[in-house]
Structures are given as C-alpha cells and as structure tokens.
Amino acid sequence: MDLVVTSAKRPEAGETVLGDSFKTVPGGKGANQAVAAARLGAEVYMIGCVGGDHYGKSIIDNFQTNGVRTDYVEPVTEMESGTAHIILAEGDNSIVVVKGANDAVTPAYVEKAKPVIAQADMVLIQQEIPEETVEYTAGLCHELGVPLLLNPAPARPISENIVEKAAYITPNEHEAALLFTGMSQGEALKKYPKKLFITEGKRGVRYSDGENEVLIPAYPVAAVDTTGAGDTFNAALAVALAEGKTVEDSLRFANRAASLSVMKFGAQGGMPLRKEVEDALK
C-alpha cells in the first residue's frame with residue numbers, strides 16, 4: 001500500500017515541512033506491474049503475499065477490480081502488508097519501502113505456482129521480494145523455457161547466474177552502475193545486446209542492437225505524478241515482447257505507456273488502457 005504525501009519542498013535531514021495532501025493508494029512494484037499489464041490487455045496472474053490486515057484485503061480487492069488473477073496471492077497473518085512511504089515534491093518522488101509480507105514470497109511459495117508459470121508467455125519480477133526467490137525463479141523459468149523480465153529495483157547486487165538466466169533486464173542508470181561494476185554503461189550494453197535495457201528517465205531507454213547503441217526517446221508530457229512510471233514501462237515492455245513485437249516496437253510501446261501514466265495521480269491511477277496507448281502512438 002502506498003502512503004503518499006505531496007509537498008512543495010522535500011525536507012532535509014532534521015527538517016519538518018508542511019505538506020499539501022496525504023493519500024493511501026494501492027501500490028508495490030509487483031502489484032503495479034501486474035495491474036498495468038492487465039490494463040494493457042494481458043491475462044495476468046499475481047504471485048505474492050499480503051498481510052492479514054485491512055491493507056491486505058484492499059490490495060486483493062484492487063487486483064480483482066483490475067482483472068488480475070489472485071489464485072496465488074495469500075494473506076500472511078503474522079506479518080503486515082508491505083508499504084511504500086512516498087514523498088512527491090519538486091517534480092519527483094522519494095520512496096521508502098517496508099517489505100512486510102513480501103518476505104514471505106519464498107522459493108517454496110513460488111514452487112506452488114509452477115503450473116501457471118510453465119504456461120506463461122512472460123514472467124515479470126522485481127526486487128521487493130527476497131534475493132533467493134529471484135534467483136530461484138530465474139532458474140525455474142530457465143528450466144521451463146519461459147522468458148523472465150527482471151526489473152532490478154530496488155537496487156541491490158544480483159548474481160551472475162540471475163543475469164545469465166534472465167531474458168531481459170531493465171535497470172535505470174543508478175541500478176545499472178550497481179549491477180555491472182567494473183564496466184562502463186557502454187560495455188555492459190555491448191555485452192548484453194537486446195537483453196539489457198537501461199532507462200534514462202525523460203531521455204528514454206538505451207540498449208544495444210548487437211552493432212550499435214540505440215536510444216529510444218521518451219515522449220514529453222506534463223507530469224503530475226511520476227510514481228509508477230517505471231512499473232508501467234516494465235509491464236508494457238513485457239506485454240509487447242510476449243506478443244512478439246520487435247524490441248524497438250516494444251520499447252516505443254513501453255515508453256508511450258509510461259508517458260501516459262505520469263499524467264494522473266498515484267502509481268496505478270494513471271496506468272493506461274491498451275486503446276489509450278495505441279491511440280497515442282498513432
């Protein structure tokens with residue numbers, strides 16, 4: 001659940017400022033990506049845990065309202081639901097995530113969902129769950145021949161095993177520097193052509209086509225709330241790639257979806273429907 005404060009100014013350490021508003025809205029990277037993919041027309045199953053609290057019930061209700069299947073979402077009574085504490089100020093966001101029940105998403109928990117993973121066109125995963133679960137899921141998808149798109153956020157080092165077994169990796173510039181230490185951005189892109197996509201915010205997304213570095217530009221819009229833009233990008237990219245679109249067309253689709261998502265309040269509030277993205281691309 002996202003607990004969102006808006007303010008004209010972001011407080012410095014030790015400083016108190018007066019905010020403008022406070023809202024509680026469904027969030028979480030995995031949940032955001034699931035909702036965004038469903039709105040873009042995909043059949044989506046969420047694999048995850050919520051707490052046995054009122055936030056947990058609201059999160060599940062929100063999935064169902066947005067057409068996300070919750071067969072593999074379980075309440076964990078001894079843990080609180082995950083929360084993100086978000087400050088929107090000065091045209092950007094600052095976020096502190098408390099994982100809560102996300103830590104209950106263990107390899108054994110994922111194993112229970114193996115039947116639906118085996119039938120998937122794409123598995124989309126992020127790092128608000130335990131590192132060993134990401135590692136296990138990468139191995140499972142590799143074994144089953146199912147492509148895995150890893151959004152390596154929040155940033156933390158990942159093993160070479162995960163990098164090799166993931167079909168696609170989508171860090172921002174900060175995350176890429178952490179993942180590929182000892183390599184320049186250009187060297188990392190060259191090593192993982194059509195696999196590593198580095199997002200650069202308002203500039204767009206950069207990748208290597210095997211011969212050259214390519215920048216797919218972003219679409220300029222008047223941003224209201226940038227929270228969830230990266231999740232919309234990842235969901236849209238996963239949907240487009242799963243549908244067999246080319247890498248370049250998939251990235252343009254993802255950039256357009258992300259640009260539309262920032263024009264309304266809330267991580268999920270602005271996530272566009274499929275027709276909105278297709279009309280905007282025209």
Side-chain angles (χ1 to χ4, degrees), residues 1-6 19 21-88 93-117 119-120 123-130 133-134 136-137 151 153-154 225-232 234-235 238-239 261 264-273:
M1 191 63 71
D2 288 350
L3 312 178
V4 187
V5 171
T6 61
S21 69
F22 171 76
K23 290 184 174 67
T24 304
V25 291
K29 296 197 71 64
N32 291 342
Q33 291 168 15
V35 168
R39 290 189 186 172
L40 293 169
E43 181 185 0
V44 182
Y45 283 79
M46 181 70 189
I47 301 168
C49 294
V50 296
D53 49 21
H54 69 282
Y55 285 160
K57 182 180 185 307
S58 295
I59 291 166
I60 291 175
D61 288 347
N62 183 65
F63 279 140
Q64 294 170 349
T65 297
N66 282 281
V68 176
R69 295 286 296 270
T70 57
D71 308 50
Y72 300 97
V73 179
E74 294 181 7
V76 183
T77 55
E78 68 273 15
M79 292 183 178
E80 69 281 353
S81 295
T83 52
H85 305 259
I86 301 169
I87 297 175
L88 301 179
N93 61 55
S94 301
I95 305 175
V96 176
V97 172
V98 181
K99 292 192 293 180
N102 289 303
D103 277 335
V105 185
T106 61
Y109 187 85
V110 174
E111 176 68 24
K112 292 191 290 185
K114 186 175 179 180
V116 75
I117 292 173
Q119 296 176 29
V123 170
L124 181 54
I125 197 167
Q126 39 67 49
Q127 298 199 131
E128 288 177 353
I129 57 175
T133 305
V134 177
Y136 172 80
T137 306
N151 174 217
D225 182 359
T226 58
T227 312
D231 295 328
T232 303
N234 278 279
V239 169
S261 76
K264 296 179 184 176
F265 177 81
Q268 295 178 19
M271 288 176 171
L273 299 173

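Lys112 is linked by a salt bridge (charged side-chain N to carboxylate O under 4.0 Å, His left out) to Glu74, counting only residues two or more places apart in sequence or in another chain. Scanning for salt bridge (charged side-chain N to carboxylate O under 4.0 Å, His left out) contacts around Lys57 gives Asp61, with sequence neighbours left out.
Considering only heavy atoms from C-beta on, Val50 comes within 4.5 Å of Val73 through its side chain. Inter-residue side-chain proximity for His85 and Ile95 is flagged as unmet; no heavy-atom pair is nearer than 4.5 Å. Taking the side chain as every heavy atom from C-beta outward, Tyr72 and Ile117 never approach each other to under 4.5 Å. The side-chain heavy atoms of Asp225 and Lys264, taken from C-beta on, include no pair separated by under 4.5 Å. Residues Tyr45 and Val68 form no side-chain contact, since every pair of their non-hydrogen atoms from C-beta on lies 4.5 Å or further apart. Side-chain contact between Gln64 and Thr70: present, with at least one pair of heavy atoms (C-beta onward) separated by less than 4.5 Å.
Within the structure, the salt bridge (Lys or Arg N to Asp or Glu O under 4.0 Å) test picks out no pair touching residues 40-51 (sequence neighbours left out).
Side-chain N or O atoms of Glu80 include none that pairs as donor or acceptor with a backbone N or O of Gly51 at under 3.5 Å. With Thr6 contributing its side chain and Leu88 its backbone, the two residues share no donor-acceptor pair below 3.5 Å. Panel note: side chain Asn62, backbone Ser58; no donor-acceptor pair is recorded below 3.5 Å. Side-chain atoms of Asp103 do not come within 3.5 Å of backbone N or O of Ile129 as any donor-acceptor pair. At distances below 3.5 Å, not a single donor-acceptor pair connects side-chain atoms of Ser261 with backbone N or O atoms of Met271.
Atom OG1 of residue Thr137 and atom OH of residue Tyr109 lie 12.0 Å apart, to the nearest 0.5 angstrom. The CG atom of Asp2 lies 9.0 Å from the OG1 atom of Thr83; values are rounded to the nearest 0.5 Å. Between atom NZ of residue Lys23 and atom CD1 of residue Ile86 there is a gap of 12.5 Å, rounded to the nearest 0.5 Å. In this structure, Lys99 NZ and Gln127 CD are separated by 9.5 Å, a value rounded to the nearest 0.5 Å. Of the inter-residue distances, the one linking Arg39 atom CZ with Thr232 atom OG1 reads 8.5 Å to the nearest 0.5 angstrom. Taking CG of Asn151 as the start and CG of Leu124 as the end, the distance is 7.0 Å to the nearest 0.5 Å.
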(request) Would you check, one step at a time, whether the test side chain to side chain contact (heavy atoms under 4.5 Å, CB included) holds for Val44 with Arg69? (result) CA-CA 6 Å; Val44 182; Arg69 295 286 296 270; over 6 Å; no

(request) Starting from the C-alpha separation in whole Å, work towards a yes-or-no answer on side chain to side chain contact (heavy atoms under 4.5 Å, CB included) for Cys49 and Asn102. (result) CA-CA 6 Å; Cys49 294; Asn102 289 303; over 6 Å; no

(message) I'd like to know whether Gln126 forms a side chain to side chain contact (heavy atoms under 4.5 Å, CB included) with Gln33, so could you lay out the CA-CA distance, the side-chain angles of the two residues, the decisive distance to 0.1 Å, and finally the verdict.
(response) CA-CA 9 Å; Gln126 39 67 49; Gln33 291 168 15; 4.1 Å; yes

(request) Please report the C-alpha distance between Phe22 and Val4 in whole Å, then the side-chain angles of each, then the deciding distance to 0.1 Å, and finally whether the side chain to side chain contact (heavy atoms under 4.5 Å, CB included) criterion is met. (result) CA-CA 6 Å; Phe22 171 76; Val4 187; 5.9 Å; no

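Annotation for Leu40 and Ala235: closest pair CD1-C, 4.5 Å, computed over non-hydrogen atoms. Closest non-hydrogen pair, Pro154 versus Glu128, comes out as CD-CG, 3.5 Å. Among all heavy-atom pairs drawn from Ala42 and Val239, the shortest one is CB-CG2, 3.9 Å.
Gln268 and Asn32 share a side-chain donor-acceptor pair at under 3.5 Å.
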